[in-house]
Amino acid sequence: MQWATTTLAVYGLGAAALATSMLTLGRRLELSQAKHRSLAGHARMARRLAGFVPFYDYDEARFFDCDGAPADTASLRRAGLAHLSELYKTRFAETIRYSAEAAETISDLQFTGAYRVPFQYRRMVRAHLPIGAFLQASDGVTVTDLDGNRFYDLTGSYGVNVFGYDFYKGTIERGAARVHELGPVLGAYHPLIVENTRRIKEISGLDEVSFHMSGTEAVMQAVRLARYHTRRTHLVRFCGAYHGWWGDVQPGIGNPQPAHETYTLAEMSEDTLHVLRTRRDIACVLVNPEQGLHPNAPAPTDSSLLDSSRSSHFDKADYTAWLKRLREVCSERNIVLIFDEVFVGFRLAPGGAQEYFGVRADLVTYGKTIGGGLPIGVVCGRKDLMKRFRDDRPADICFARGTFNAHPYVMAAMNEFLRQFQTPQVQALYRDLDAVWDGRAQKLNRRLADEGLPVQVANMSALWVVCYTQPSRYNWMLQYYLRAEGLALSWVGTARLIFSLNYTDADFDAVADRFVAATKAMQQDGWWWHDPATTNKSIRRAILKEMIAHRLFPARKH
Ligand SMILES: Cc1ncc(COP(=O)(O)O)c(C=O)c1O
């Protein structure tokens, strides 16, 4: 009898264990289903695979005909490169000289210099088309290099420049004068901070504010608060979304350590909503609304422009519907919804992405432009979520400090920014903002199509991506033709054009003329020669073959 009871108990325990493992397995399976199919959706795998990619590059001949172009096209390209190279080396001589010297000791310059184009072309490009990293002045919508060349600025200073550089010169200068008497005293606040918090509360519609030194730090603090208050471990970020360079939000390539408490899930996906509804370990969901322009794909730098598969299309209604559903599920499950508006804040609408999409977040991070031109990160949130200690557990705190937080000069530039921002003149800039920028994008796209050029732009308001309409291996060359026409691009090249809102129609038309001229020149130089049998897939397959060959037989000439 006793034996039978013991056996039953063992079977019972076994069945329970089996049920638990089945449940765990089921949950894991659901998590896998909620990942985006792309490599970017599988952060760990991407990191592992990245370690296997061998370096190799094209020799001079192959540089010009790696797509199988005939000899006359290769010669055309060769002459095009020689002409461009001559132009760069004479027109940008002083700027290039400074940059080359600086790159020997500034590691950031070495990195950006190495990742402007796919690595196979890097050596030739760097030898012939060196890029200057120095500027001496900004004015209106232009910047001037050390040789006195003026460029239309399409870098937007990583998104900081929303209202034009003169605006920020003013905020910094007036701000500095207002706190001069206190100077750089830290720890105690300058009274201006009180007005700043009042204005940020008005803009965000949230209860409390904390100041940090960068967008990355603001995101770190928002996630830390979410984990503290929910007592859950994991953050959810969406495939492709950038949230700064803190390890937990950069679980894939770029971070030497795996992020163990991050789920990278597919955006705009039912499976993701199911995971959020059913798992118990999710503290927060991070949304970077910029992803509306290319959900589930990273902001694509030109260094990954190996073919023409880069695509972008912003559908505001679709993305809004997604955010609303996300909001509902987060509310149902007490998951903290964080809008990371470090990049898009103040760009889309006066009340930021929350207003633009009509969705309220629990925590919002701001950065970049809100510092009035100086370094900043801001977290705003519901009162209960912003609290960093527990009244009933004095030793259980959520620590966040920083030497330079709320620096008087930053607070003063921010104050000037917020005051200006809330004036009717600046608010008027947002009237018809999308219509203006959509109209400009359409106008440029029509011109490009009419000229038979294989290039189109996609946009989310004044944030643009250049896309390529015919399979090609050489699209990354366009950035060099654009610079030659006097358009300043950031190191990601044509992946991101960021316009400031002070671009007039005349300024824009000048940019469009130069854009079309650059694109035509590149076409005339033969870079878009096209074999009708080539597809983006066949290009990718050919590159994969090259990589495998170089991995297996590194010493052999391929
Ligand atoms: C959405 C988003 N979050 C966070 C960051 C990081 O901000 P920072 O570069 O100030 O650390 C960025 C920077 O580009 C960003 O775009």
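Starting from 1, each residue takes its place in the sequence as its number. Side chains included, hydrogens not; waters and symmetry mates left out as well; all remaining heavy atoms used. When a ligand or atom number is given, it counts from 1 through the structure's own listing order.
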- Give a yes or no on whether a salt bridge exists between R150 and D145, defined as a side-chain N under 4.0 angstrom from a carboxylate O. no
- Message: Quick test of your reading of the model: are D207 and R382 salt-bridged, counting only N-O distances below 4.0 Å?
- Response: no
- Message: Between the side chains of R419 and E195, is the shortest nitrogen-to-carboxylate-oxygen separation below 4.0 Å, so that they form an ion pair?
- Response: yes
- Note on the structure: Checking heavy-atom distances from atom 8 (P) of ligand 1 to each of G159, G215, P289, the winner is G215
- N or O contact, K368 vs ligand 1, cut-off under 3.5 Å: yes
- Message: Ring-plane angle category for Y152 and Y503, please: parallel below 30°, perpendicular beyond 60°, tilted otherwise.
- Response: tilted
- The protein heavy atom nearest to atom 2 (C) of ligand 1 is D340 OD2, 3.3 Å
- Note on the structure: Checking R310, R483, R496 against D302 for salt bridge (Lys or Arg N to Asp or Glu O under 4.0 Å), the one that qualifies is R310
- Query: If you measure from atom 12 (C) of ligand 1 to every heavy atom of F343, Y242, W246, which option wins on shortest distance?
  - Reply: Y242
- Check ion pair E328-R277 (N to O, under 4.0 angstrom): no
- Task: Using a strict cut-off of 4.0 Å, indicate which atoms of ligand 1 neighbour a heavy atom of S214.
- Result: 10 (O), 11 (O)
- Query: Is there any N or O on N288 that sits under 3.5 Å from an N or O of ligand 1?
  - Reply: no
- Query: With only distance considered, is W245 within less than 3.5 Å of ligand 1 through an N or O on each side?
  - Reply: no
- Of all the non-hydrogen atoms in the protein, which one sits nearest to atom 11 (O) of ligand 1, and at what distance? T216 OG1, 2.6 Å
